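What you see is a predicted model; the values in this text were computed from it and never measured.
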Amino acid sequence: MDGKSLRGALRADGRCVHLISALRDDGIVLAQREVDTKHNEITAFRPLLESLDLTGAVVTFDALLTQTGHARFLVEEKKAHYIAVLKANRPSLHALVKDLPWKEVPLMDRTRTAAHGRDEIRRLKAVTVPGLPFPHADQALQIVRRRRTMRTGKVTIERVYALTSLRAHEATPADLAERVRGHWAIENREHHVRDVTFGEDASRVRTGSAPRAMASLRNLAIGTLRLAGWTNIAEGLRHHGRNMTRPLTALGLT
């Protein structure tokens, strides 16, 4: 689950158009809704996912969407699992997980990547905690991200806490780390493609339902290219732009 404001598109009340989307782990947008503000992502959560078959899926979302009703809906009605980030908007639950004896929990996964001028190391710990005061929560997670900017040498360390309905035998620490990392990667990658490759925030399509419709068309283009095997969306657009029949072929219309 991921929300995005279209900063170049203003509503009649002067606020940015804001969309919430459900994306597959390969970046394909499965569903999208417009909401009044970012906070309204909470009420859009269930309607957005209602029509999707999520049996056996693992749904990841940020702290704003970490709500008890969402957890029950996913596990009890959609037969899915979740990984829910915790932050200060749920202070008591966040404090409870943060204060677990993490120093006594062994490191379970470590990954390192270097890209875009940054060197990043991510460490994950997971522990089963009986009686967590959140529906169907079985494990608590601690993710530590250490980033070093190669040009300046500046180091930043961030600790993130999360809950998951996945039990220890249902997902290895490497699986959990990959899903958490995948959530952040999709969030960043999709925003980057829509803003940089498509210039979404600079779009002058600003009124009525047109911004949402254009966002849907961008999602269609990105999804079509990804399903066709393109990892570089800009390169895929250039390829299809050179011959007017190529987009039709990609969409299965010829």
Side-chain angles (χ1 to χ4, degrees), residues 1-7 9 11 13 15-94 96-97 132-141 143 160-166 170-171 176 178-191 194 200 209 211-213 215-216 218-220 222-223:
M1 302 289 292
D2 184 32
K4 185 182 188 300
S5 292
L6 311 184
R7 304 193 183 281
R11 297 159 49 91
D13 57 11
R15 292 179 295 184
C16 292
V17 172
H18 191 83
L19 305 174
I20 180 171
S21 303
L23 301 94
R24 232 166 46 183
D25 57 3
D26 58 2
I28 305 299
V29 175
L30 302 176
Q32 179 176 273
R33 292 176 71 94
E34 182 176 347
V35 295
D36 289 341
T37 64
K38 180 174 176 62
H39 189 73
N40 289 110
E41 289 183 15
I42 296 173
T43 56
F45 185 94
R46 182 181 181 122
L48 183 71
L49 299 180
E50 193 79 64
S51 64
L52 300 179
D53 181 5
L54 299 177
T55 305
V58 179
V59 182
T60 63
F61 43 86
D62 61 19
L64 177 66
L65 297 175
T66 300
Q67 307 288 330
T68 57
H70 296 167
R72 290 194 181 97
F73 167 68
L74 289 172
V75 176
E76 297 171 15
E77 297 185 40
K78 303 302 287 184
K79 310 305 178 186
H81 286 286
Y82 64 79
I83 298 176
V85 172
L86 289 173
K87 287 187 178 177
N89 61 322
R90 298 191 66 92
S92 58
L93 187 56
H94 180 262
L96 185 154
V97 173
L132 281 166
F134 193 76
H136 304 286
D138 192 81
Q139 294 188 86
L141 312 179
I143 305 104
V160 178
Y161 299 94
L163 297 174
T164 181
S165 60
L166 289 161
E170 293 177 311
L176 295 172
E178 183 177 0
R179 293 184 184 280
V180 171
R181 187 165 63 250
H183 177 86
W184 289 325
I186 287 176
E187 183 178 87
N188 294 332
R189 183 176 64 187
E190 293 305 306
H191 287 190
R194 286 168 60 175
E200 185 167 73
S209 61
R212 182 178 72 248
S216 298
R218 294 182 192 107
N219 291 337
L220 173 63
I222 294 169

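The shortest distance between side-chain heavy atoms of Ile143 and Arg181 does not fall below 4.5 Å. Taking 4.5 Å as the limit, every side-chain heavy atom of Thr164 sits out of range of all side-chain heavy atoms of His81. Under the 4.5 Å side-chain criterion, counting only non-hydrogen atoms from C-beta, Val160 is not in contact with Val180. Residues Pro133 and Leu96 meet the side-chain proximity criterion, which asks for heavy atoms closer than 4.5 Å. Under the 4.5 Å side-chain criterion, counting only non-hydrogen atoms from C-beta, Arg194 is in contact with Asn219. For the pair Leu176/Gln139, a side-chain contact is recorded, criterion being any heavy-atom separation below 4.5 Å from C-beta on.
Rounding to the nearest 0.5 Å gives a distance of 11.0 Å between CG of Leu64 and CZ of Arg90. Atom-to-atom distance recorded for Leu54:CG and Glu77:CD is 11.5 Å, nearest 0.5 angstrom. Rounding to the nearest 0.5 Å gives a distance of 8.5 Å between CG of Leu166 and CG of Asp138. Summarising the geometry, atom CG belonging to Asn40 is positioned 11.0 Å from atom CD belonging to Glu34; distances are rounded to the nearest 0.5 Å. The distance from the NZ atom of Lys78 to the CZ atom of Arg46 is 8.5 Å, given to the nearest 0.5 Å. Atoms OG1 and NE2, from Thr68 and His70 in turn, are 8.5 Å apart once rounded to the nearest 0.5 Å.
Side-chain atoms of Tyr82 never come within 3.5 Å of backbone atoms of Leu163 as a donor-acceptor pair (strictly under, hydrogens ignored). Of the possible polar contacts, none joining the Asp2 side chain to the Lys4 backbone as a donor-acceptor pair under 3.5 Å is found. Side-chain atoms of Lys79 come within 3.5 Å of backbone atoms of Glu76 as a donor-acceptor pair (strictly under, hydrogens ignored).
What you find for Leu74 and Phe45 is that their closest heavy atoms are CD1-CZ, 3.9 Å. Across all their heavy atoms, Ala162 and Ile83 have their closest contact at CB-CG2, 4.3 Å. Of all the heavy atoms in Met1 and Phe61, the pair that sits closest is CB-CB, 3.9 Å. In terms of heavy atoms, Ser165 sits closest to Glu170 at O-OE1, 4.0 Å. Minimum interatomic distance between Gln32 and Leu48 (heavy atoms only, all atoms of both residues): N-CD1, 3.4 Å. Of all heavy-atom pairs spanning His94 and Leu86, the tightest one is CD2-O, 3.4 Å.
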Query - Criterion side chain to side chain contact (heavy atoms under 4.5 Å, CB included) on Thr66 and Asn89, from CA distance to verdict - result: CA-CA 9 Å; Thr66 300; Asn89 61 322; 5.6 Å; no
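Applying the side chain to side chain contact (heavy atoms under 4.5 Å, CB included) test between Leu65 and each of Thr60, Val59, Ile20 identifies Ile20 as the sole match.
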